[in-house]
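All values below were derived from every heavy atom in this structure, side-chain atoms included, with hydrogens, water molecules and symmetry-related copies excluded. Chain letters run A, B, ... following the sequence lines, proteins first, then strands; residues in each count from 1.
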Amino acid sequence: MIVATWNVNSLKVRLPQLLDWLAVRCPDVVCLQETKLDAPVFPVQAIEAAGYRVAYSGQKTYNGVALLSREELTDVVCGNPVFPDPQKRLIAATVRGLRIVCAYVPNGQAVGSDKYAYKLEWLAALQRWIGDLLRANPCLILAGDFNIAPDDRDVHDPAAWAGQILCSEPERSAFQQLLRLGLQDSFRLFEQPAKSYSWWDYRMLGFQKNQGLRIDHVLLSDALAARCTVAAIDRDVRKLARPSDHAPVVAEFDAG
DNA sequence: ATGGTAGCCGCGCTA
């Protein structure tokens with residue numbers, strides 16, 4: 001079973017790339033972030049025509065998340081039940097007995113800003129919810145754009161980014177606390193190429209110079225991590241014309 | 001050189 005996460009930065013613009021990538025990659029489940037589309041214009045038919053069921057939580061202009069699955073999606077929940085939030089950043093569903101949570105963690109803008117405080121509160125509430133979910137669902141996946149580079153090896157220039165947004169100690173601590181609930185970073189279960197990143201700033205030729213950060217993650221509960229066989233970043237997608245600034249991140253495991 | 005690029009029912013904001 002292949003599970004992927006991709007911040008598409010506008011599903012309207014990226015729909016053709018998404019459909020192409022689905023056809024080539026054949027993932028079983030896909031978590032999308034920054035769809036930036038509200039219900040009336042969400043491309044349900046195009047996604048279903050590609051062979052996927054879809055559940056989404058959308059808003060105009062900002063945020064928006066969706067779950068795609070080749071098999072039936074049940075028990076769809078939008079948002080964190082213990083953290084009411086008008087921003088559409090979370091959607092969860094069950095596929096083949098796996099509970100899957102798609103997350104778009106707030107960016108936080110700058111350390112010390114109001115948006116940074118919101119990010120840390122949002123993450124604390126996510127921990128509470130995921131803890132509850134793990135107790136009820138041993139097979140759980142938490143995937144999405146975390147807007148956190150967990151470690152210096154996930155940062156192209158750790159000295160320049162030290163203490164900055166996406167890399168600050170409170171953010172990294174929040175990430176580690178999620179892992180301590182019983183999740184594992186699938187990407188780090190395997191040997192990986194040095195300088196592996198999932199996001200590159202559009203500006204300053206960030207991708208061409210591989211000035212990136214690894215901020216998109218597929219976290220697997222311990223039971224699933226034990227069955228994980230492959231984890232990778234589909235970096236080539238970032239080379240396309242008019243790309244998202246994020247590449248898809250993929251994990252494969254024995255469905256059991 | 002405190003920049004730059006992309007997306008959005010935009011006229012600045014978010015990333």
Novice: Pick out the pairs of N or O atoms, protein on one side and nucleotides 1-6 of chain B on the other, that lie under 3.5 Å.
Specialist:
none

Novice: Can you measure A:W199 atom CH2 to B:dT14 atom P for me and round it to whole angstrom units?
Specialist: 17 Å
Novice: Please report the distance, rounded to the nearest Å, between OH in A:Y62 and P in B:dC8.
Specialist: 11 Å
Novice: Take atom NZ in A:K88; do more than 12 heavy atoms of anything else shown fall under 6.0 Å from it?
Specialist: no
Novice: Among residues 103-116 of chain A, which residues get a heavy atom nearer than 4.0 Å to DNA chain B?
Specialist: A:Y104, A:N107, A:K115
Novice: Can you tell me how far P in B:dG12 sits from the matching atom in B:dA1, rounded to whole Å?
Specialist: 28 Å
Novice: Measure from NE2 on A:H246 to C1' on B:dG7 and round the result to the nearest Å.
Specialist: 12 Å
Novice: To the nearest angstrom, how far is A:D245 atom CG from B:dG7 atom C1'?
Specialist: 10 Å
Novice: Separation of A:L11 atom CG from B:dG7 atom C1', in whole Å?
Specialist: 13 Å
Novice: Do A:D201 side-chain atoms and A:G212 backbone N/O form a donor-acceptor pair below 3.5 Å?
Specialist: no
Novice: State which residues pass salt bridge (charged side-chain N to carboxylate O under 4.0 Å, His left out) with A:R14; sequence neighbours excluded, sorted by chain then number.
Specialist: none
Novice: Within residues 156-174 of chain A, which residues have any heavy atom lying less than 4.0 Å from an atom of DNA chain B?
Specialist: none
Novice: Check residues 134-141 of chain A and write down every donor-acceptor pair under 3.5 Å in which the side-chain atom is one partner and the other belongs to a residue at least two apart or another chain.
Specialist:
from   : atom 1 : to     : atom 2 : distance (Å)
A:R135 : NH2    : A:D132 : OD1    : 2.9
A:N137 : ND2    : A:L133 : O      : 3.0

Novice: Under 4.0 Å, counting only non-hydrogen atoms across every strand here, what does A:R238 touch: a base, just sugar-phosphate, or nothing?
Specialist: nothing
Novice: Pick the closest DNA chain B nucleotide for A:L37 and for A:D145 by heavy atoms, then say which residue is nearer the 5' end.
Specialist: A:L37
Novice: Can you measure A:Q59 atom CD to B:dC13 atom P for me and round it to whole angstrom units?
Specialist: 17 Å
Novice: Centre of A:F83's six-membered ring, under 6.0 Å away, within 45 degrees of the axis: is that where NZ or CZ of A:R128 sits?
Specialist: no
Novice: Please determine whether a side-chain nitrogen of the Lys or Arg among A:D185 and A:R188 lies less than 4.0 Å from a carboxylate oxygen of the Asp or Glu.
Specialist: no
Novice: Rounded to whole Å, please give me the gap between CG in A:N63 and P in B:dG7.
Specialist: 17 Å
Novice: Tell me the interatomic distance from A:E34, atom CD, to B:dG7, atom C1', rounded to whole angstroms.
Specialist: 9 Å
Novice: Salt bridge (Lys or Arg N to Asp or Glu O under 4.0 Å): which pairs involve residues 18-39 of chain A, sequence neighbours left out?
Specialist: A:R25-A:D234, A:E34-A:K36
Novice: Using atom P of each nucleotide, how far apart are B:dC9 and B:dT5 to the nearest Å?
Specialist: 22 Å
Novice: Whether the A:E171 and A:S168 side chains hold a donor-acceptor pair (N or O, under 3.5 Å, no angle test) is what I'd like checked.
Specialist: yes
Novice: Output, in order, the C-alpha distance, side-chain angles, deciding distance and verdict of salt bridge (Lys or Arg N to Asp or Glu O under 4.0 Å) for A:R53 and A:E71.
Specialist: CA-CA 7 Å; A:R53 329 281 182 103; A:E71 295 187 38; over 6 Å; no
Novice: For B:dT14 versus B:dG10, give the span between their P atoms, rounded off to a whole number of Å.
Specialist: 15 Å
Novice: Relative to A:Y104, does A:R89 satisfy both conditions: NZ or CZ under 6.0 angstrom from the six-membered ring centre, and within 45 degrees of the ring's axis?
Specialist: yes
Novice: Hey, does A:W6 have a side-chain heavy atom less than 4.5 Å from the side chain of A:P27?
Specialist: no
Novice: Stepwise, does the salt bridge (Lys or Arg N to Asp or Glu O under 4.0 Å) test hold for A:R227 with A:D254?
Specialist: CA-CA 5 Å; A:R227 287 150 42 187; A:D254 296 323; over 6 Å; no
